Amino acid sequence: MNVLIAGAGRLGTQIAQVLAAARNEVTLIDTDDDRLSELEGRVPVRLVAGDACEPALLEHSGALTADLVIATTGDDEDNLVISLLAKRQFSVPRVAARVNDADNAWLFDERWGVDVAVPSATPLISLIEEATGATDTVALLRLSKAGVEVIETAITERSRTAGRALGDIALPEGTVVATIVRDGQPTAPDPAERLRPGDELLLVSHAATEQEIHAAFQ
């Protein structure tokens, strides 16, 4: 997936790192040259200096071939302009925008080209799931040197493992459950623990793919 992210602040950078780790092509745009210089060599993404509110800059950054644009600047007006340009001028299939001020949330809809409006307080993983449309399993991090991947999967009402004990679920070889996050609180995995809709599991594997983890739980 080809992703453009406008805003190289903490949130935009975190999203860029996660999506790049999941083997997406990511371009991170920001007006702050110093900020981009700090990130040079630290994040495996393409860095572009400039104002994403400018159509020419968006085109230079790859908007014509982007699958997803995420506007994460700290200015709602900028995020709306970026979203509108991405959707109307460049026909980007999916556009997500951060809402900094809750009073402006009503503006973030299809009229401004926004497919997904995300409040600033939304947890990182939930934001990425909303933005990418990946609502069950997201690769969070690939530890290339160790050959280990950390993968999150969410249990929903439709998951066939909802109500089943963790110990009864056959996991792919070389895979362990690191934690269960329930109601925002991480807990140590217990084989007798029955999974509930809303649970988020963090798994560590040196061999399994996202698809295999999905098949085990969904």
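Keep in mind that what you see is a predicted model, and the values were worked out from it rather than measured.
Of all the heavy atoms in A208 and I151, the pair that sits closest is O-CD1, 4.3 Å. Nearest heavy-atom pair, G113 versus R88, reported as atom, atom and distance to 0.1 Å: N-NH2, 4.1 Å. Among all heavy-atom pairs drawn from Q89 and P55, the shortest one is NE2-CB, 3.6 Å. For A216 against P172, the heavy-atom pair with the smallest separation is CB-CD, 4.3 Å. Considering all non-hydrogen atoms of both residues, D109 and R111 come closest at OD2-NH2, 2.8 Å.
The only option from I82, V116, L4, D115 that meets the side chain to side chain contact (heavy atoms under 4.5 Å, CB included) definition with V95 turns out to be D115. Considering D199, V177, D190, L171 as possible partners of L166, the one that fulfils the side chain to side chain contact (heavy atoms under 4.5 Å, CB included) test is V177.
A distance of 4.5 Å separates CG of N104 from CG of D76, quoted to the nearest 0.5 Å. The line from CG of L39 to CG of D34 is 11.0 Å long, rounded to the nearest 0.5 Å. To the nearest 0.5 Å, atoms CD (Q218) and OG1 (T161) are separated by 6.0 Å. We find the CZ-OG distance between R98 and S83 to be 13.0 Å, quoted to the nearest 0.5 Å. Distance check, rounded to the nearest 0.5 Å: CH2 of W112 to CG of L85 gives 9.5 Å. In this structure, the separation between OG1 on T31 and CG on L57 is 10.0 Å, given to the nearest 0.5 Å.
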Before giving the answer on side-chain contact (heavy atoms from CB on, under 4.5 Å), spell out for V181 and L202 the whole-Å C-alpha distance, their side-chain angles and the decisive distance to 0.1 Å. CA-CA 8 Å; V181 180; L202 204 63; 5.9 Å; no

Take I213 and T175 through the test side-chain contact (heavy atoms from CB on, under 4.5 Å) and record every step on the way to the result. CA-CA 9 Å; I213 296 297; T175 302; 3.8 Å; yes

F90 vs V69, side-chain contact (heavy atoms from CB on, under 4.5 Å): CA-CA, chis, key distance, verdict: CA-CA 10 Å; F90 298 102; V69 166; over 6 Å; no

I155 vs L201, test: side-chain contact (heavy atoms from CB on, under 4.5 Å). Steps then yes/no. CA-CA 8 Å; I155 306 302; L201 282 71; 3.8 Å; yes

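Within 6.0 Å of CD in E38 there are more than 12 heavy atoms belonging to other residues, nucleotides or ligands. Residue E212 qualifies as enclosed at atom CD: its count of foreign heavy atoms under 6.0 Å is above 12. Within 6.0 Å of the CZ atom in R196, the count of heavy atoms belonging to other residues, nucleotides or ligands does not exceed 12.
Side-chain atoms of V92 and K87, non-hydrogen and from C-beta on, never get closer than 4.5 Å to each other. Between E193 and R182, the closest side-chain pair of non-hydrogen atoms falls below 4.5 Å. Between I15 and V26 the shortest side-chain heavy-atom distance does not fall below 4.5 Å.
Judged by distance alone, the side chain of D30 and the main-chain N or O of D32 form a donor-acceptor pair under 3.5 Å. With hydrogens and angles ignored, the 3.5 Å screen pairs a side-chain donor or acceptor of R35 with a backbone N or O of A8. R164 contributes no side-chain N or O that, together with a main-chain N or O of F217, makes up a donor-acceptor pair within less than 3.5 Å. Looking at T72, its side chain does come within 3.5 Å of a backbone N or O of A6 through a donor-acceptor pair.
Residues N79 and T73 have side chains that bring a donor and an acceptor to within less than 3.5 angstrom of each other. Using modelled atom types, one finds a donor on one side chain and an acceptor on the other under 3.5 Å when comparing T65 with N2.
Note on V81 and W106: separate hydrophobic clusters, where clusters join Ile, Leu, Val, Met, Phe, Trp and Tyr whose side-chain heavy atoms are under 4.5 Å apart, directly or indirectly. L80 and L11 are assigned to two separate hydrophobic clusters, defined by single-linkage of ILVMFWY side chains at heavy-atom distances under 4.5 Å. Side-chain heavy atoms closer than 4.5 Å link hydrophobic residues (I, L, V, M, F, W, Y) into clusters, and following such links, even through other members, never connects V48 to V43. There is a path of hydrophobic side-chain contacts, each under 4.5 Å, that joins L64 to I29. Linking Ile, Leu, Val, Met, Phe, Trp and Tyr whenever their side-chain heavy atoms come within less than 4.5 Å leaves L58 and L47 in two separate clusters.
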